[in-house]
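Right, one structure below, let's go through it.
First the proteins, then the strands, lettered A, B, ... as listed; each starts at 1.
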Amino acid sequence: GAVQTDSQVAASASDSTAEAVEAAAGKDFYTEDIKIAFLPNVIGDSCAAAWADGMKAYLDTFSNVTFDVYDGEASVDTEVQIMDELINQSYDAIILQATDAAGLAASVDKAEAAGIPVITCNLDADTTHTALVAGVDTEAGEAMANSIGESLGGEGKVVIISATPGATKGENIDAGFKAVLSEKYPNIEILDEQSGEWLTENANTVMNDFLTKYPEIDAVMCHNDAMAEGAAEAVKAAGRLEQVQIWGCDGESKMLDYIEEGLCTGTIYTNCQSQGASCAQMAVFAIESGITAKNLTSTPVVKMAPVIVTKDNLSDITEDMRW
Amino acid sequence: MSELLEMKGIQKSFNDSPVLKDVEFTVKQGEVHALMGENGAGKSTLIKILTGIYPKDGGQIFWEGKAVDINSRSDASKLGIGVIYQELSLIPTLTVAQNIMLGKEKAIKGILQSNKMKLDVEELIQKYNFRIKADAVVETLTIAERQVVEILKALSENSKLIIMDEPTASLSAKESESLFGIIEQLKQQGVSIIYISHRLEEVYRLSDRLTVLRDGVRVAVLEKEEIIPEDVIRLMIGKDLSEATASNNLRVSDKRVLLKVKNLKRKGVFKNISFEIHEGEIVGFAGLIGAGRTEVMRCIYGADPYDSGEILFEDKPVSKTISKNIKAGFGLVPEDRRNQGFTPLLSIEKNIALTNYDTIASHGIVNRAKEKEYGNTMVEKLNIKPGNSQIPVGNLSGGNQQKAVLGKWLSRDLKLLIIDEPTAGIDIGAKDEIYKIIENLAENGTAVIMVSSDLQELLRVSQRVIVMRKGEICAEFSEGRITQEHILMAESGILTKGGNEDEK
Amino acid sequence: MRQENMRRIISVASLFLMMMVFGLTSSSFFSMNNMMSILRECSINGIIAIGVAFVIITAGIDLSTGAIVGFTSMMCANLLYYYQLPATLIFVIAIAIGTFCGVLNGYVVTRLRVPAFIATLSTQYLFRSLVFAFAIREGGVITNKKITDPGVLIMGGSIDGIYLVTIAFVVLAIVGQIILKKTKLGTYIYATGSNQKSAELSGINAGKVKWIVFIITGFLCGIAAIFEIGRIGSVTTDLGTGLEFEVIAAVVIGGCAFSGGRGDIFGTFIGAIFMAVLQNGILKYNLPTAAQLVIKGIVIVVMIIFDSVYNNIMQKRILQKARELDEAAQAEEVA
Amino acid sequence: MKNNNLNIKTIFNKSQKLWILVVVMIILTVLQPGVFLTFANMKSILLSISIYGIMVCGTIFPILLGGIDLSVGAVAAAAGAFTVVQIVNSGYTNQGVIIGVCGGLLLGIIVGLVHGVIVTRFNVPPFLITLATQNIVYGVAQLLTGNNVIACMEPKLFAFLGGERVLGVPFSVWIMIFMALISYVLLNKTVFGRSIYAVGGNAEACFLSGIKSKTIIVLAYVASGFTAAMAGIVLASMNRQAIAKAAQGYDNFVLTALVVGGASLMGGEGTITGAIWGAFLVGVISNGLRLLGVASDYHGIIKCIVIIAAVALDANIRYKKSGLQKKSLFFKKNKAQA
Ligand SMILES: Nc1ncnc2c1ncn2[C@@H]1O[C@H](COP(=O)(O)OP(=O)(O)OP(=O)(O)O)[C@@H](O)[C@H]1O
Ligand SMILES: Nc1ncnc2c1ncn2[C@@H]1O[C@H](COP(=O)(O)OP(=O)(O)OP(=O)(O)O)[C@@H](O)[C@H]1O
Ligand SMILES: [Mg+2]
Ligand SMILES: [Mg+2]
């Protein structure tokens, strides 16, 4: 036989099984057993945990749903491998945080062709699929730029502690942040940018070095809260908390504590539990209705709203919204 | 006879200390040329330069009259130089055949002719009448068998010159004899041989010419008729030696029994081992290689388990833990010096300290001054060269390494010292020193068990000789006079227990 | 020799045992799709493992394989995106880059005399940095572009359900085994690993042998990269991270000893499949990830311990047998 | 003092690669005048290596034995997780901190004990066993944290470990210095240390000399587990949180520091001062590159070159001195000297 790529196999399979899928579509959540899998980029950080919590809370309202969480180990390769596995195990829906949009496209195609709806969470896959519950990254970057620009009065010096180089979310935040600065606040200078690899302790080290090198820093922008916390510790140790604004992104509860204590300035809060719940809702909807990528010409997007949180509006984020 | 090899003005230093100084060395076609010298004189180093293992710092090598550059082992092979190195150079995980053919495999279109090579090797083994299987994996062989493989490897090359660095160090008398036969045969075929050995009688017997090195300097070249033992020894060590005649005054000690071994057995290794050792006595253990002497000693010492039998020390059962036995006064100088005797990277003093922490350290903290003192005392007492106790033992020559290993025990209150092949590969001067040390120990009440394949040494030192054969004690000589022949006959099973009685 | 065969049988048997356990407790395990998935999962690791087995048999180690795969893949993606090179040329370049990385590793290890462990750990940093240097960027921001060249994507494909990468793995494993057992190089690889000093005394250029095995590994990493990009269809900057440890685990589970001189490609082949089966099987139970990790770890630990206990027993047996033969021969001689 | 002088000289003679550190530091001082060579910056370098530095103090023991411990990252994560979970469960009390820290350290000790016992009892390669247990221990860390980030802002006592400063120097640096001192004393002044070097150089010879090599090996892994756990707890305190994937990849850094610092992975060679120097060198490079504003993408290239240069320099000087050198560093010398 001729050599066929996965997508070709998937395409032909989807043609032949199209009807079968059609017939099978529309599972009943109250009589049939439903299996839903969640495959985040990496397990063990607070976002993934909050998403999973949100999903679980929502899915627990149904008695027959099994909900499993897998670990993408921050690697495309592993995610592709696990996607294969999930398809082999015929899950009813997959909620995926795609480590790489392009890299997981083929796997998503394959799943959709097999009649399994894929809902991407936070990070998109580069192909049409059942739904995307988009997080805030570009917008978060923009929001931080606006807040910093405004509070500095359009003039000042900023450093960036960035994600692991090449990470999609980090690159997006960066792009949004820089675009707004160069457009609206040309007088704000980006002094330096170094990677903290998402980690608190690395951000601490990086910030220490920035503080050594630059006698004058007005704000530091971090690609996530964990790094902002690390940076805050460094700034505090240097006794420069008064002069430096520290911004993070995510809105995890520990960050809110830091803001409360005055160690950090602000963060871009996303309600991850509710984002997770939305993913689960989309999955349930897709399973019930039998909608897969075939019925769609482009991926429907659900957007989460970015909330800028500073000490002033901290109390808006109530206890049940914290994660 | 023409000059096959000429080495001129060879110089070499290791870590900035000169080891060879302007050495001249020539070998003629078809001669057996002995290379003599004390431990550390630089013999092995010279050989390694000749065979491209070490680069030389200066000098020239001429082969059949032409200047040559030897930069690697294969350069030497191409010229027709075969070597048996002092330290075995076999690959443990390969078979005998693979080892012998290593570096000269036969292949057609890149695919090895394994069967053909195996047959060739079997033929070779047949030709020289050895008892080894071509497809045995080397790591399953005894040291003696490995030595045989090493010899075969050198023979397989059809070389014009074969260098033998201590080929008999771990061979039994019988296997040595076959080697001598082979050397004769090779000589007939016009092959030259460089022969290095500390067994002087072999050297006198075999060699046509003899070069003596001392401290990296060539001190003499002797023609066959000039080879007079006393002269050679004097040249080697630079002074006269009061060589005691091989004494053979056997006697049973009347002191109290220190060690009693009853019916010791280890399946497949040895059985029916019973003997007694008295205080202050030196008992020699003779036997062919593989007779199981080392194994018995290791069991007594607590290094290996045994299946049945009893070992009593001062009428109390011996512990199976080495450290307890050491506390009770045991000591062991193992046979395989490099792998079992010392830690090569550590200095002499730290090696010596290893067995003496009970006195050097208190509450687990080392007393540095004491450690130094112990090291220096031993270096001085044993005349370890170079006389600096900070040098890693791995950098010493064989003989000095052995002295360092002995040094581990001599500062202890020893009651029983087991020495396995105490002088393998050690020069005559050092040998004598080691014998003196052993005798001294015995005089002070330490019982010494000496396992040795050197019959002369056994006769020279021991007060009793026990002979083992195939894992059993087959003879014991405890009174009267014996000669090397007695032991040889017992070792090969012709003479049985208490054999000296029916001697005339 | 016979012991080696025995060990073989046992390791294959334990593989089958594990497969039976998974098969009986999970309905989808023995499905055709799943079997093919397993073979596919093990293949990329397996291809690299062939080279790493060579390295480990010479008593070396290569920690840079994951980074080489990442770097090679990124170069391919870069050339495809910016220059639209044809697939065949890309393959040649991928292999050339992989091989070059191997040459560099070999150089550092043999010429600069840096121990293999630290050398390849350092070159890992280097190759990872090069990944970023050649990453596709838009406006200074790294973007992952989908690879669309059908000639490249076809490498991730299958014929009648059998993936090309699996076929390549089997072929390369056979070639590897032949090199190891039937050529001079193979013998020299064993000799170098078993006792380098002795090998050198026997006239073998151990440095050259070591260099060659690193080059072979680099070459195979290049091939693996081709299949990797064919399969994933895009290249992220962290592609191949941690791959080196999976590969090493497969090689060692397959019977190659770190001390060198032991093991072969057949064992490595089994080892690679073993790891893939374990990984795949554990995913079947929908266990929490923590439990998966723990079980996976325990199975590997048990395997390693079993292997070592078995080897020790066999070693003793061999000695025993040698002694008995010895005795028999001596008895014969006396008679 | 003359003796002191001699010591420095011998250190540098033994390990020529230390000059690399000096050279790197001089270059950085020239390139970044008034920034690099300042007390504040040195402090921040020390802080950045303190976690690794603490690990190095224990991990050197298995390395000296010719073993290795690849599980230090995992142990750190699990120990940190245990401590934080304890503190949270106890309601952020000081008592909880004490119990948590002791428990975390105990966890490290237990893991080390298991490694040691498996390695000695079954004679398996430590590389493999610690690679495999890494999975298990990370699994434990996941179980403890429930795959979530557990924040722990209270009490002060806990924050002190990783965050406070004493005499202007972060407390974690003091812990590193303290551990290095203990390690130094253990290695150089005690029978245990001597035995470590001896067993690493030749285990069989030590066995025959009556040294309880098995106990030594087990203790070495225990030491490694202990310091890994301590590093993990300090890290948790520094970050005020427990996270299952903490300290991932630290194993590599620890090994780099050790080897750059002169330890041989074959065992028997290496010093704690060297290891700290090694850690410091890598810390200095990263710090220097950041100060120079080199994008983090390219740090690896410089790191690779400096590490290889350091190790190769040492290896080659040693090789040359040993009299075994046949080939020059960069190309084959065809002609021997005329
Ligand atoms: N690789 C080496 N590194 C450092 N020093 C060495 C090395 N090899 C030999 N030496 C030193 O060179 C000197 C000569 O050693 P060599 O092995 O040539 O002596 P030898 O005459 O063969 O002695 P023996 O009879 O004990 O074998 C010794 O002092 C030894 O310590
Ligand atoms: N390294 C080894 N590997 C395998 N078998 C060995 C080894 N050493 C000894 N043996 C086996 O143990 C038995 C006893 O050998 P051993 O060398 O102890 O005898 P020995 O009388 O002590 O000889 P030696 O003169 O070498 O000390 C032999 O039958 C041999 O097969
Ligand atoms: Mg010699
Ligand atoms: Mg013996």
With a 4.5 Å limit on heavy-atom distance, are the side chains of C:Tyr125 and D:Thr256 in contact?
yes

Spatial distance of atom CZ (C:Arg128) from atom NZ (D:Lys303) [nearest 0.5 Å]
13.5 Å

Given salt bridge (charged side-chain N to carboxylate O under 4.0 Å, His left out), test C:Arg137 with D:Asp297 step by step and report yes or no.
CA-CA 13 Å; C:Arg137 282 170 198 260; D:Asp297 304 9; 2.8 Å; yes

What distance do D:Asn252 atom CG and C:Phe245 atom CZ have between them, rounded to the nearest 0.5 Å?
5.0 Å

With no hydrogens and no angle check, do the side chains of D:Asn147 and C:Thr289 hold a donor and an acceptor under 3.5 Å apart?
yes

Is it the side chain or the backbone of C:Gln124 that comes within 4.5 Å of chain D heavy atoms, both, or neither?
side chain

At a 4.5 Å cut-off on heavy atoms, which part of C:Ile61 comes close to chain D: side chain, backbone, both, or neither?
side chain

Heavy-atom pairs under 4.5 Å with chain C are the metric here; pick the option from D:Thr133, D:Asn135, D:Val124 that has the most.
D:Asn135

How about NZ on C:Lys284, more than 12 heavy atoms from neighbouring residues, nucleotides or ligands closer than 6.0 Å, or not?
yes

Tell me, do D:Ile118 and C:Ile305 make a side-chain contact under 4.5 Å, heavy atoms counted?
yes

Correct closest heavy-atom pair for C:Asn312 and D:Phe122 would be ND2-O, 4.2 Å

Whatever's closer than 4.5 Å to a heavy atom in chain C on D:Leu70 counts as side chain

Any heavy-atom pair between the side chains of D:Ile136 and C:Leu293 that's under 4.5 Å?
no

In terms of heavy-atom contacts, D:Leu255 and C:Ile118 come closest through O-CD1, 4.3 Å

OG/C:Ser308 to CG/D:Asn123 distance, rounded to the nearest 0.5 angstrom?
5.5 Å

Checking heavy atoms, do the side chain of D:Ile305, its backbone, both or neither come under 4.5 Å from chain C?
neither

Contact origin within D:Ile308 toward chain C - heavy atom pairs under 4.5 Å
both

Please look at D:Ile301 and chain C and tell me whether the side chain, the backbone, both or neither of the residue comes under 4.5 angstrom of a heavy atom of that chain.
both

How long is the span from the CG atom in D:Leu131 to the CD1 atom in C:Ile248, to the nearest 0.5 Å?
7.5 Å

At a heavy-atom separation under 4.5 Å, does C:Leu121 approach chain D through its side chain, its backbone, both, or neither?
side chain

Between C:Val114 and D:Val311, the two heavy atoms sitting closest are CG1-CG1, 3.8 Å

Looking at C:Ala119, C:Gly297, C:Ser129, which one has more heavy-atom pairs under 4.5 Å with chain D than the rest?
C:Ser129

Quick check: closest heavy atoms across D:Gly139 and C:Ala290, and the distance to 0.1 Å?
O-CB, 3.4 Å

Kindly state whether the ring of C:Phe258 and the ring of D:Phe127 have centres lying under 6.0 angstrom apart.
yes

Hey, mind stepping through C:Phe117 and D:Ile68 against side-chain contact (heavy atoms from CB on, under 4.5 Å) and telling me if it holds?
CA-CA 11 Å; C:Phe117 193 100; D:Ile68 202 164; 3.6 Å; yes

Taking all non-hydrogen atoms of both residues into account, name the closest pair between D:Ile307 and C:Ser122 and its distance.
CG2-OG, 3.4 Å

So how far is it from D:Ile129 CD1 to C:Ile304 CD1, rounded to the nearest 0.5 Å?
4.0 Å

With only heavy atoms counted, which part of C:Val108 is less than 4.5 Å from chain D, the side chain, the backbone, both or neither?
side chain

CD1 on C:Ile253 to CG on D:Leu128, rounded to 0.5 Å
6.5 Å

If you count every heavy atom of other residues, nucleotides or ligands that lies below 6.0 Å from C:Phe100 atom CZ, does the total exceed 12?
no

List the atom of D:Ala132, the atom of C:Val301, and the distance in Å for their closest heavy-atom pair.
CB-CG2, 3.7 Å

